[in-house]
Amino acid sequence: MNDNATAGTNQPQRYNPAEIEPKWQARWDADASLYKAEGHDSGKPKFYCIEMLPYPSGQLHMGHVRNYAIGDALARHMWMRGYNVLHPMGWDAFGLPAENAALKNNTPPREWTLANIAAMRKQMQRMGLSYDWATEVTTCLPEYYRWNQWFFVKMFEAGLAYRKKSKVNWCPDCQTVLANEQVVNGRCWRHEDTIVEQRDLTQWFLRITKYSDELLDGLEKLEGWPEKVRTMQRNWIGRSEGALVDFAVEGEVKVPGCAKITVFTTRVDTIFGATSVQLAPEHVVAKAFAAEDAGLAVKIEGLLAEQQRAREAGDVGAIEKHGIDTGRFAVNPFNGELVPIWVGNYILADYGTGAIMSVPAHDERDFEFAQKYGLEVRRVIALKAGGEDPALPYTAEEDAVLISSGEWSGLGCVEAQQKMAAFAQSKEFGTSTVTYRLKDWGVSRQRYWGTPIPMVYCTNGHAGVEPGGVVALPESALPVVLPPQIEITQQGGSPLGRVDSFVNTTCPVCGGPARRETDTMDTFVDSSWYFYRYTDASNSSAPFASEKANYWFPIDQYIGGVEHAILHLIYSRFWTKVMRDLGLVKNDEPAERLFTQGMVIKDGAKMSKSKGNVVSPDDMIARYGADATRMYALFAAPPDRDLEWQEEGVAGISRFLGRVHRLVTKYTEIVRAAGSREGTGSETEQKVLRKLHQTIAKMTQDFSGRWHFNTSIAAIMTLINELVAAEPAMDSGEVSAAAVTEVFRNLVLMLAPFAPFFAAEMWEQIGGESVVFRTAWPVADEELARENEMEIPVQVNGKLVNVVKVPAGSDEATVKAAALADEKVKARIEGKTIVKTIVVPGKLVNLVVK
RNA sequence: GCGAAAGUGGCGAAAUUGGCAGACGCACCAGACUUAGGAUCUGGCGGAGCAAUCCGUGGGGGUUCAAGUCCCCCCUUUCGCACCA
């Protein structure tokens, strides 16, 4: 850069990251042992630290840089604290972009993906991240995905993987099915503008609902997870306790199974107030009625269309309630009353039973609907304490009792719910039940670039398997390898279905002809267990050895974006429980602690190509170096908050490193020569050492607690500012060589987690032993850190007047006397009476005067 | 609509337990050095005022000797959920 003549006079070697960083990178890349975790027989405590693995798009973005800078600082710090650290990295390498790229550039997905991985690995190495590359996991390689298939077969055998025909979400852009979790407001999670369609398809599902309660209850114990994520998962699982009650349909219904309507309710205690039954437009009974009445059929179609439109508008909640009276009646089993059967556009087919009893007096939606159509509103819940009845709709359950409810009148709501459900069960017209919003995980994808589902359909069938029936492949037949060369086209359907050599196979049981399943697995399968594979990445006989996983798990710290709160983080919890039940691992949960970092934004908005506000990490590194770029990502905001990227700030960090470089270089000879010379005990020496040890204490605390690295870095900057001020004293010997040595050694050690290249260079320069990252983290000396003088603010009537200095540890009387002796204070209280004096030891004095 | 988080200088932010509001950095201003350079160093920098001093943490009330921090009401922003019966 600016290597002109003046630079040479008193600063022979200026901070030049372009020189330092590649030099160290070359050394580190050549030393595979540098970041290698020790085995599970290591005597040290373990620390398993992971950042979420990226999709190999080919380019790191600033969000990655921030994520990895946080994890790397933590991993390096824990190394220095003496832990056995496993800090791995991998690639979530299957997925649609590879197919799109293939279409566009005519490059095979595998080639494209592997090239991207190579490019991104290089970027990570350029950033100086401390990954153990020997444990690298790439999900699109058969060595990895064969274990997806292995798990799939295990789940099939355990009844956890099954096939069913159902309505599924279809993204016309992805040309594939989406899981419920991948649909956001009726749109595709990857295509914000694309409305997801509903299609009837036969698909593979994983029975995540078997673990609904455990997934929910487990959240209570995940205290190391952000409350926000736990809440989101709780909502997603959506457990709801209630009752099923059968309402018999009055009169004849020709379609079998339609003689009764089973409603789901959480408020069976309000059933005497039910004045209609409401069906979803797709309910079988509604369809049965429609079959008998063409006019009704048209109207019900209309309701369905309204629901569809609302879903497409992404605004299901705002739909105007609308319904149709079918003219038919149902019998309330509790009182024998006939209530009209309606079809409503606000009734969801896929929640509960798709049918409800409508109680306008005690449900807001039912109330709104009844008002519109003039249905009866009948109060059956009153205040327990008596007195004036609350306005309708009245939805409270606490301190409320049943009225006008026959023999149940007088019971409290909660008690009535239990007793009435039990009664319904004894009379066989109902039962108490629990429903969930969580649905089984649909994992079939009509795509090429994913894990082939290891199932075949035996054409002729054999004992126990009908013709065309499902047969799981035995372990010896795995992996089912993706055919490498395949033409990617835009036509629908599973691409593998067009490859005859793939489809046509033999049945592993009877040896007869069979067809392979041609769908591939959702890529979220890949990321559901990848972190177990890190512990034993090259195992070719099992997904991993249990003893290795049991040593490292649960993950001590998992770091990633909050956008995975539902998808990845719920799937991987599920997968862990399945593996536990298979006897592979002992832990119930994958990660002890989860940290979700904020977004990186620019000019107030998330960086995106369309907004043109993308800052490239490569540019930053080329201009300021990796150390400054990483350190800025930690300095600009606390890691859990959004970070506004300001290039001037990176320049500021670069200047700061330059100042440290100048100081370290200036005192290098003293530090290198230092023996065990005595300190001078001078005031400046005490001051410098005090600041040093206060900084060590602050940094150590930040790492173990809140991770507010912005304040840690600010503390180091303050230390540097003090050192600059102390330069004359360090030059004159007023600050001893021993003290200078102590300061600079510890300063470099403290910078190591944030600026690894810089720290390695400085450490070598001052003659530090071994590797800086394997040197023990400094320990704060409380004695040296202690202030010997305190500054005590003095207030009069709560307003600051002056600050007085007193010796540290002064008692109340001394502090008070010092406050009263202060000229400014004297002037302020002149002629007034002190009514009260508050002395908070070590904090302040407040004089209340009149 | 429900729930959560947030709102502090020109900007990013700090104040961990009710106790000096604005640490640290950016930008800006002044100065030094100078082959005048987007380098480096020194100093200044919430607002008003010559000053003493007064005002100031989204707005309004309250508790307290003392409130950015606690309580009540309201506003704004972001995120999550959203006819879930």
Side-chain angles (χ1 to χ4, degrees), chain A residues 1-7 10-11 14 185 226-229 231-232 234-236 238-240 242 263-267 270 278 280 307 310 315-321 344-348 350-359 363-366 368-369 435-437 562-563 565-566 599 604 632 635-638 640-653 655-656 658-659 662 698 701-702 705-706 708 710-718 720-721 724 791-803 827 835-838 840 842-849:
Chain A
M1 295 202 229
N2 276 307
D3 53 343
N4 55 31
T6 49
N10 53 3
Q11 292 168 18
R14 302 188 59 167
N185 269 341
E227 192 51 49
K228 182 187 166 97
V229 172
T231 303
M232 284 169 74
R234 242 175 246 128
N235 290 341
W236 187 260
R239 181 187 155 101
S240 177
V263 303
F264 172 70
T265 177
T266 56
R267 293 297 304 273
T270 64
Q278 299 280 337
Q307 277 192 345
D315 199 7
V316 184
I319 188 173
E320 165 139 20
K321 287 186 183 42
N345 67 351
Y346 69 107
I347 309 301
L348 304 173
D350 56 0
Y351 183 78
T353 58
I356 66 157
M357 62 179 199
S358 176
V359 185
D363 182 281
E364 283 177 32
R365 294 152 302 181
D366 296 345
E368 189 188 331
F369 190 85
T435 62
Y436 299 89
R437 209 182 86 127
V562 75
E563 64 272 18
I566 299 299
M599 281 190 307
Y632 174 73
F635 177 67
D640 49 346
R641 263 210 253 172
D642 284 355
L643 182 158
E644 168 77 31
W645 194 270
Q646 292 180 326
E647 187 171 335
E648 296 81 7
V650 190
I653 295 287
R655 277 198 290 275
F656 162 74
R659 274 198 297 279
R662 181 186 67 81
K698 160 94 182 127
Q701 196 181 10
D702 278 340
R706 305 188 304 164
H708 280 200
N710 53 331
T711 61
S712 315
I713 294 168
I716 302 189
M717 289 174 168
T718 311
I720 295 301
N721 292 345
V724 169
E791 292 193 336
I792 302 293
V794 183
Q795 300 178 337
V796 174
N797 287 344
K799 300 225 166 182
L800 181 71
V801 173
N802 208 355
V803 176
V835 220
K836 197 171 176 186
T837 307
I838 291 119
V840 184
K843 286 277 162 109
L844 93 166
V845 176
N846 189 9
L847 305 167
V848 186
V849 300

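Residue numbering restarts at 1 for every chain, and letters A, B, ... go by the order of the sequence lines.
- Here the separation of B/rC28 from B/rA67, taken at their C1' atoms, is 33 Å to the nearest Å.
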N/O contacts under 3.5 Å, protein versus nucleotides 63-66 of chain B?
unit_1	atom_1	unit_2	atom_2	d
B/rC65	O2'	A/Asn846	ND2	3.1
B/rC65	O2	A/Asn846	ND2	2.6

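- With sequence neighbours excluded, no residue forms a side-chain hydrogen bond (donor to acceptor under 3.5 Å, both in side chains) with A/Asn846.
- Residues forming a side-chain hydrogen bond (donor to acceptor under 3.5 Å, both in side chains) with A/Tyr632 (at least two apart in sequence, or on another chain): none.
- Annotation: ring pair (Phe, Tyr, Trp, His ring centres under 6.0 Å) contacts of A/Phe264 (sequence neighbours excluded): none.
- A/Val724 pairs by the side-chain contact (heavy atoms from CB on, under 4.5 Å) definition with A/Arg662, A/Leu663, A/Ile720, A/Glu727, not counting sequence neighbours.
- Annotation: side-chain hydrogen bond (donor to acceptor under 3.5 Å, both in side chains) contacts of A/Ser712 (sequence neighbours excluded): A/Asp702.
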- request: List the protein contact pattern of nucleotides 43-52 of chain B with one symbol per nucleotide (5' to 3'): B for base contact, S for sugar-phosphate-only contact, - for none; contact means a heavy-atom distance under 4.0 Å.
  value: ----------
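- Qualifying ring pair (Phe, Tyr, Trp, His ring centres under 6.0 Å) partners for A/Trp236, counting only residues two or more places apart in sequence or in other chains: none.
- Here A/Val562 lies out of heavy-atom contact (under 4.0 Å) with every strand.
- Partners of A/Phe635 by ring pair (Phe, Tyr, Trp, His ring centres under 6.0 Å), not counting sequence neighbours: none found.
- In RNA chain B, the stems built from three or more successive Watson-Crick or G-U pairs (distances below 3.5 Å) are B:1-7 with B:75-81, B:10-12 with B:24-26, B:28-32 with B:40-44, B:46-48 with B:53-55, B:58-62 with B:70-74.
- With sequence neighbours left out, the side-chain hydrogen bond (donor to acceptor under 3.5 Å, both in side chains) criterion links A/Glu647 to A/Arg623, A/Tyr624.
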- line: With sugar-phosphate taken as primed atoms, P, OP1 and OP2 and all else as base, the protein-contact string of nucleotides 6-18 of chain B at under 4.0 Å (heavy atoms; B, S, -) is -----SBSSSB--
